[in-house]
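Numbering of ligands and ligand atoms starts at 1, following listing order.
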Amino acid sequence: MVTSQSRLQNEDLLGKGKLYVVGIGPGLVEHLTVRAQKVLKDSDYVIGNGTYLDQIESLLNDQKVIRSTMGKEVDRARCAIELAGHSRVSIVSGGDANIYGMAGLVMEIAERTAMKVDIEVLPGVTAISAAASILGAPIVNDFAVISLSDLLTPWEVIEKRLIAASKADFVIALYNPKSRQRNSNFSKSIGILREHKNDSVPVGLVKNALRESGEDVIVTTLGEVLEYDDWVNMRTTVLIGNNESRIWKLDDIKRIITPRGYQRKYDY
Ligand code: SAH
């Protein structure tokens with residue numbers, strides 16, 4: 001008989017608590033999975049950074065809410081693990097918890113504690129999916145995701161990945177393109193990508209994708225994207241096409257299409 005790993009973990013555990021690491025998607029509650037909504041509603045505690053807790057406010061009522069701030073991720077993960085010894089705890093993460101999110105830190109800290117904690121990670125719609133859905137079909141082929149934040153990753157490593165991904169002509173998504181402390185990482189990265197990709201490659205900039213405020217979108221090219229340097233901020237995802245990507249303009253709306261390759265096999 002095949003038993004799933006999480007069943008095995010459950011049977012093995014002593015306490016009755018459980019820790020859910022919940023990916024809450026890009027913003028609007030309707031983009032949370034049904035399971036994530038159910039788990040959040042049934043939790044004794046919901047822990048997260050204020051911005052994310054605001055996004056799921058409509059799901060919060062009887063739960064005890066613990067508000068945290070950016071930079072306090074280690075304390076937050078520790079607190080969630082301790083409470084999960086006896087309670088149902090949800091620690092929330094924007095988008096997907098595996099993509100520059102809380103899943104990693106929670107697992108690392110749990111691995112180091114003597115406590116046995118039952119942990120379940122719930123997937124969410126990540127920024128690249130949210131942004132791509134607004135731009136049309138900019139991915140639809142092999143892609144690479146690179147964060148420009150050099151707080152936790154050395155800049156030399158980021159640079160190496162930008163070069164490798166652009167040389168291999170991946171569609172590239174840039175997360176964390178800017179912050180107050182890192183204003184020039186975006187322009188430096190575009191400079192690197194331009195050495196290996198054509199200037200005509202389409203670029204989509206999507207700010208606040210699928211959030212309450214509504215999103216802002218710019219469709220441009222790699223050669224011209226730095227004209228929008230000041231517009232890009234920490235709430236923006238940047239999507240850079242591959243050499244086959246193109247812009248489809250219909251009336252005032254510009255979309256990006258990256259062909260999957262059907263044109264090589266079929267007439268349409
Ligand atoms: N775990 C998150 C990503 C965290 S890193 C996820 O899976 O989406 C934070 C970066 O994600 C931001 O700097 C921005 O580049 C991107 N991002 C997150 N939500 C976004 C949204 N609604 N619209 C545009 N970009 C977003």
Check: Should the pair Glu156-Arg161 be classified as a salt bridge under the 4.0 Å nitrogen-to-oxygen rule?
Finding: no

Checklist line | ligand 1 contact by Pro177, heavy-atom criterion under 4.0 angstrom | finding: yes

Margin query: Quick test of your reading of the structure: of Asn176, Leu205, Asp96, whose heavy atom lies closest to atom 10 (C) of ligand 1?
Written below: Asn176

Check: Which option, Gly101, Ser93, Ala209, owns the non-hydrogen atom nearest atom 23 (N) of ligand 1?
Finding: Ala209

Next item on the list: Report the nearest protein non-hydrogen atom to atom 3 (C) of ligand 1: residue, atom name, distance rounded to 0.1 Å.
Entry: Ile99 O, 3.5 Å

Notebook entry, point to check: If you round to the nearest 0.5 Å, how far is CD1 of Ile163 from CD1 of Ile158?
Noted result: 12.0 Å

Notebook entry, point to check: Non-hydrogen atoms of Leu210 versus ligand 1: any pair closer than 4.0 Å?
Noted result: no

Margin query: Heavy atom to atom 19 (N) of ligand 1, shortest distance: which of Met234, Arg211, Arg235 holds it?
Written below: Arg211

Notebook entry, point to check: Any idea which atoms of ligand 1 are less than 4.0 Å away from a heavy-atom of Thr237?
Noted result: 14 (C), 15 (O), 16 (C), 17 (N), 24 (C), 25 (N), 26 (C)

Margin query: Nearest 0.5 angstrom please: Asn185 CG to Leu162 CG, how far?
Written below: 9.5 Å

Check: For ligand 1, which atoms sit closer than 4.0 Å to a heavy atom of Thr126?
Finding: 6 (C), 7 (O), 8 (O)

Checklist line | Atoms in ligand 1 flagged as close to Val206, the criterion being non-hydrogen separation under 4.0 Å | finding: 24 (C)

Check: Is the closest basic N to carboxylate O distance between Glu215 and Lys207 below 4.0 Å?
Finding: no

Check: Is Thr236 touching ligand 1 with its side chain, its backbone, both, or neither, if touching means heavy atoms under 4.0 Å apart?
Finding: backbone

Notebook entry, point to check: At what distance is the nearest protein heavy atom to atom 11 (O) of ligand 1, and which residue and atom is it?
Noted result: Tyr175 CD2, 3.4 Å

Checklist line | Residue pair Asn49 / Ser68, side-chain donor-acceptor N/O under 3.5 Å | finding: no

Note to self: If we count only N and O atoms by modelled type, under 3.5 Å, do the side chains of Asn233 and Thr236 hold a donor and an acceptor together?
What the structure shows: yes

Next item on the list: Using a strict 4.0 Å cut-off to heavy atoms of Asn208, name the atoms of ligand 1 that fall inside it.
Entry: 22 (N), 23 (N), 24 (C)

Notebook entry, point to check: Should the pair Arg67-Asp54 be classified as a salt bridge under the 4.0 Å nitrogen-to-oxygen rule?
Noted result: yes

Note to self: I need the nearest protein heavy-atom contact for atom 8 (O) of ligand 1: residue, atom name and distance, please.
What the structure shows: Ala127 N, 2.9 Å

Note to self: At less than 4.0 angstrom from any non-hydrogen atom of Gly95, what atoms of ligand 1 do you find?
What the structure shows: 6 (C), 7 (O), 8 (O)

Next item on the list: Would you verify whether the NZ or CZ of Lys178 falls within 45 degrees of the ring axis of Trp231 while also being under 6.0 Å from that six-membered ring's centre?
Entry: no

Check: Tell me, which protein residue and heavy-atom name are nearest atom 2 (C) of ligand 1, and how many Å apart are they?
Finding: Gly94 O, 3.3 Å

Item checked: Reference residue Asp169; test side-chain contact (heavy atoms from CB on, under 4.5 Å); the match among Asn141, Asn198, Asn242 -> Asn242

Item checked: Audit row: Tyr100, Tyr175, ring pair (Phe, Tyr, Trp, His ring centres under 6.0 Å) steps and yes/no -> CA-CA 9 Å; Tyr100 314 114; Tyr175 280 50; 5.3 Å; yes

